[in-house]
Protein chains: 2
Amino acid sequence: MRVTIKDLAKYCGVSPGTVDRALNNRPGIKVKTKKNILEAARLLNYRPDLTARSLVKGRTMTLGIVLFDLYNRSFAQLLNAVELKARELGYHLYIALTDKDSENEKECLEYLVNHKVDGIILFTVNQGKEFEEYLHSFSTPIITIFNFLSDHWEYVGIQERKSMRDAADFIIKRGYKKFIYICPPLKYLGKSNIYTQEERLKGFLEGLSMNGIVEPPLIINHNNYLEQLKELVFNKAEKTAIVCSCDLYALEVMNYLKDKGLKVPEEVGLMGYDNIDVLKYVNPKLTTVEYPVESIGFKAVESLVHKIEHGHFLTEKSKTLDYKIVVGESI
Amino acid sequence: MRVTIKDLAKYCGVSPGTVDRALNNRPGIKVKTKKNILEAARLLNYRPDLTARSLVKGRTMTLGIVLFDLYNRSFAQLLNAVELKARELGYHLYIALTDKDSENEKECLEYLVNHKVDGIILFTVNQGKEFEEYLHSFSTPIITIFNFLSDHWEYVGIQERKSMRDAADFIIKRGYKKFIYICPPLKYLGKSNIYTQEERLKGFLEGLSMNGIVEPPLIINHNNYLEQLKELVFNKAEKTAIVCSCDLYALEVMNYLKDKGLKVPEEVGLMGYDNIDVLKYVNPKLTTVEYPVESIGFKAVESLVHKIEHGHFLTEKSKTLDYKIVVGESI
DNA sequence: TTGAAAGCGCTAACAA
DNA sequence: TTGTTAGCGCTTTCAA
């Protein structure tokens, strides 16, 4: 059996209260007594039971993070950053993956709340009034990342829309005339939160019209995008650009184009989004949009912990982080 | 304030014991009473306090996992698999990253143990008698993955040595005569656990000698491996193969060779290890060794949970998982 | 079928 | 400076 404070107290011939004072550096204890107790603790290999402490303190010094999965490179980087910062601030981390499943996400949240985490970082699939009420029913502080929920919730992310507007601008300035935009299904199961994807698309469309492009782009938003590409004929003179809302799609497209013998960017331009770290090994160099995943992780933790410890978040809701276009050779 | 069992009891005019029977499907309660209580629980938005339950049950239904970081693609995949399986079996997951720091690892372990996780999955940096004694001082079940510690510890991994022996065999059969082997520093800080790296190198050397290669390979085991490559001259007739103990190194080397205008595999052969998922976007296709990260994650969780629930691990210590050589175009 | 009460290990307020 | 004690929210045993 584990050694408890009571055991220690008995062993040292003092009371549990005194042991607690020694162990937790609380004042009102003779130096010698304290020394004795600490020594005994080491000797008997005493370990505090944090579940008991949590019960009385009402705090667990634990944060929870809810993500889709870790297949996306950026999620892993984000999680890494979050763990680092959390530990730095004295918190440990529960992780829960939703696999983009709405019910699953609720279960994850429920579990974290029941486990009394002090705060939650949420990359949500759900959205809507009902879901927000559900979230409000927990009294746990929550900060959302990437997927915006509503103004009621703290949020850390980037200016998705503006980034894609700029991307469109950039592409048009390079002389492209026709546009294909590839992104994930925009109405996943009819209720999933696809804020980032929606914003990016809107931004792209805005960018086109701002530049006087009247012909609407071909929007491909299903998982068989490669199939659909097969039906298209690319003509160098048309100056077509394929814009993907994530690098992984762009890489798939690049592979497809290579197979077809189509030269990038000579015959068709290609642009990604994310700047995942493996791009450095791929040729031609993909032009893409980079955003600071790690900063987002850091910021989210800092703000959340500030809320926990001082009652209010550190971030301003409207504040978003910078992105930048990474110029490669693909467009 | 949160609604407690006591509140529910008062509200329903019954005792806490009865509420518990209703909430946890324990027998000895009238159907009607139970129905009442459950309804009230929903109405009042009751949430069980899992820290309190843990305290009395002595179990948290939580596992902990200790990893280096999540920069390595395989670690992220592993973690994803572990989370999935853990949840499937009713457990949730604490994550702790050590950043390959030995002291940090100890802190992580200590925290998990103090938090009373029911079991730990450990990809360790530490090694040695002292560390093992330290681990024994926890009574928490531990299963090690990838980095082997000693026969005292449950282990899930692959036959590292054999895999590299086979790789050497494969390369030699392709006619290569000279060999360069690139791997991370083998004595990281003088005390880090580099089991997998050591095994792979041993396996490679065994493979060479088994095939009658007498000239020892050039072993480059520092982080400036590219610098050292610069000093070498490659000669097509020499049939040189560069073997890397991980794909990331191989990709770096590939980039370097491309810069130099050296053709792979015509002028120099290249082989990696890991089969990270982005290889499909890189040309020429890298020949590499694939191992089932996800299965390792699943197996580790299953075995650990079996230990927790039935007193013994499911895995046999000596049992390791299969790997396979993925034939690309680079060697 | 239900209630009463002890106790998990710790903290904190109060008393000595 | 130290001891005593109540109680965090839950489970569980025993009695009614």
Side-chain angles (χ1 to χ4, degrees), chain A residues 1-38 40-41 44-62 110-111 113-118 138-140, chain B residues 1-38 40-41 44-62 110-111 113-118 138-140:
Chain A
M1 275 314 298
R2 265 165 98 130
V3 177
T4 70
I5 276 193
K6 254 190 200 157
D7 298 331
L8 267 188
K10 207 171 292 170
Y11 182 87
C12 298
V14 297
S15 74
T18 305
V19 174
D20 184 62
R21 278 182 272 261
L23 256 25
N24 295 303
N25 279 317
R26 277 171 47 218
I29 183 171
K30 235 198 316 189
V31 178
K32 184 143 180 291
T33 322
K34 183 169 177 176
K35 196 169 143 273
N36 272 344
I37 295 172
L38 290 179
L44 303 186
N45 193 26
Y46 167 78
R47 312 198 156 282
D49 183 326
L50 266 30
T51 61
R53 179 182 294 168
S54 296
L55 184 57
V56 36
K57 289 243 188 196
R59 288 188 49 187
T60 53
M61 297 307 287
T62 298
E110 202 121 344
Y111 179 81
V113 169
N114 292 352
H115 237 289
K116 294 274 233 16
V117 296
D118 297 331
F138 312 141
S139 42
T140 313
Chain B
M1 276 316 297
R2 265 165 97 130
V3 177
T4 70
I5 275 192
K6 253 189 201 159
D7 298 330
L8 268 187
K10 207 171 293 171
Y11 182 88
C12 297
V14 296
S15 73
T18 304
V19 174
D20 184 64
R21 278 182 271 260
L23 257 25
N24 296 303
N25 279 317
R26 278 171 48 219
I29 183 170
K30 233 195 323 189
V31 178
K32 180 135 183 293
T33 322
K34 183 167 175 177
K35 195 167 145 276
N36 273 344
I37 295 173
L38 291 179
L44 303 186
N45 193 27
Y46 168 78
R47 313 198 155 282
D49 183 327
L50 264 32
T51 60
R53 178 180 294 167
S54 296
L55 183 58
V56 33
K57 289 238 187 196
R59 288 188 51 186
T60 53
M61 297 307 287
T62 298
E110 202 120 344
Y111 179 81
V113 169
N114 292 351
H115 238 289
K116 295 276 234 16
V117 296
D118 297 330
F138 313 142
S139 43
T140 313

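Quick note on labels: first sequence line is chain A, next is B, and so on, each numbered from 1. No experiment lies behind these values; they were computed from the predicted model shown.
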Close side-chain approach of [X] to [Y], heavy-atom, < 4.5 Å:
X     : Y      : value
B:T51 : A:N114 : no
B:S54 : B:K116 : no
B:L23 : B:I5   : yes
A:T62 : A:H115 : no

Send over the distance from [X] [atom1] to [N] [atom2], rounded to a whole Å.
X      : N      : atom1 : atom2 : result
A:K116 : D:dG9  : NZ    : P     : 7 Å
B:R2   : D:dC10 : CZ    : C1'   : 12 Å
A:N36  : D:dT2  : CG    : P     : 10 Å

Item to check | Residues in contact with DNA chain D, drawn from residues 21-33 of chain B - heavy-atom cutoff 4.0 Å | outcome: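 Within this stretch, B:N24, B:R26 sit under 4.0 Å of the strand.
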Next on the checklist: Just to be sure I understand the geometry, which residues of residues 4-14 of chain B put a non-hydrogen atom under 4.0 Å away from DNA chain D?
Outcome noted: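 Hits under 4.0 Å, by residue number: B:T4, B:I5, B:K6.
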Item to check | Inter-end axis angle, the helix from C:dT1-D:dA16 to C:dA16-D:dT1, with every axis fitted to five base pairs (rounded, 10 degrees) | outcome: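 Its terminal axes enclose an angle near 50°.
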Checklist entry - Can you list the steps and then say if B:V19 with B:Y46 is a side chain to side chain contact (heavy atoms under 4.5 Å, CB included)? => result CA-CA 11 Å; B:V19 174; B:Y46 168 78; over 6 Å; no
Checklist outcome for this item: On DNA chain D, more 5' by nearest nucleotide between B:P16 and A:L55 is A:L55
Item to check | Candidate nucleotides D:dC10, D:dT12, D:dG7, ranked by approach to the side chain of B:Y46 - the nearest | outcome: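 Per side-chain heavy atoms of B:Y46, the pick is D:dC10.
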Checklist entry - First and last nucleotide of DNA chain C touching chain B, 5' to 3', heavy-atom cut-off 4.0 Å? => result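 Extent of the interface on DNA chain C: C:dT1 to C:dG9.
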Checklist entry - Cut-off 3.5 Å, side chains only: do B:T18 and B:S15 have a donor facing an acceptor? => result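 There is such a pair (donor and acceptor under 3.5 Å, judged by atom type) between the side chains of B:T18 and B:S15.
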Checklist entry - What are the two closest non-hydrogen atoms of B:D118 and B:R59, and how far apart are they? => result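 Taking every non-hydrogen atom into account, OD1-CA, 3.5 Å.
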Checklist entry - When you look at A:N36 and A:K30, which way does the side chain to side chain contact (heavy atoms under 4.5 Å, CB included) test go after all the steps? => result CA-CA 10 Å; A:N36 272 344; A:K30 235 198 316 189; over 6 Å; no
Next on the checklist: With rounding to the nearest 0.5 angstrom, report the CZ to CZ distance, A:F138 to B:R2.
Outcome noted: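 The distance works out to 9.5 Å.
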Checklist entry - Can B:V3 and B:N45 be said to form a side chain to side chain contact (heavy atoms under 4.5 Å, CB included), step by step? => result CA-CA 7 Å; B:V3 177; B:N45 193 27; 5.8 Å; no
Item to check | Partner residues of B:N25 under the side chain to side chain contact (heavy atoms under 4.5 Å, CB included) criterion, sequence neighbours left out | outcome: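 Side chain to side chain contact (heavy atoms under 4.5 Å, CB included) list for B:N25, sorted by chain: B:K34.
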Checklist entry - Which residues pass the side-chain hydrogen bond (donor to acceptor under 3.5 Å, both in side chains) test with B:D7, sequence neighbours left out? => result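 Listed in chain order: B:T4.
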Next on the checklist: Using a 4.0 Å heavy-atom cut-off, does B:D20 contact any base of the nucleic acid, only the sugar-phosphate backbone, or nothing at all?
Outcome noted: base
Item to check | Pair A:R53-A:N24, side chain to side chain contact (heavy atoms under 4.5 Å, CB included): steps then yes or no | outcome: CA-CA 12 Å; A:R53 179 182 294 168; A:N24 295 303; 3.4 Å; yes
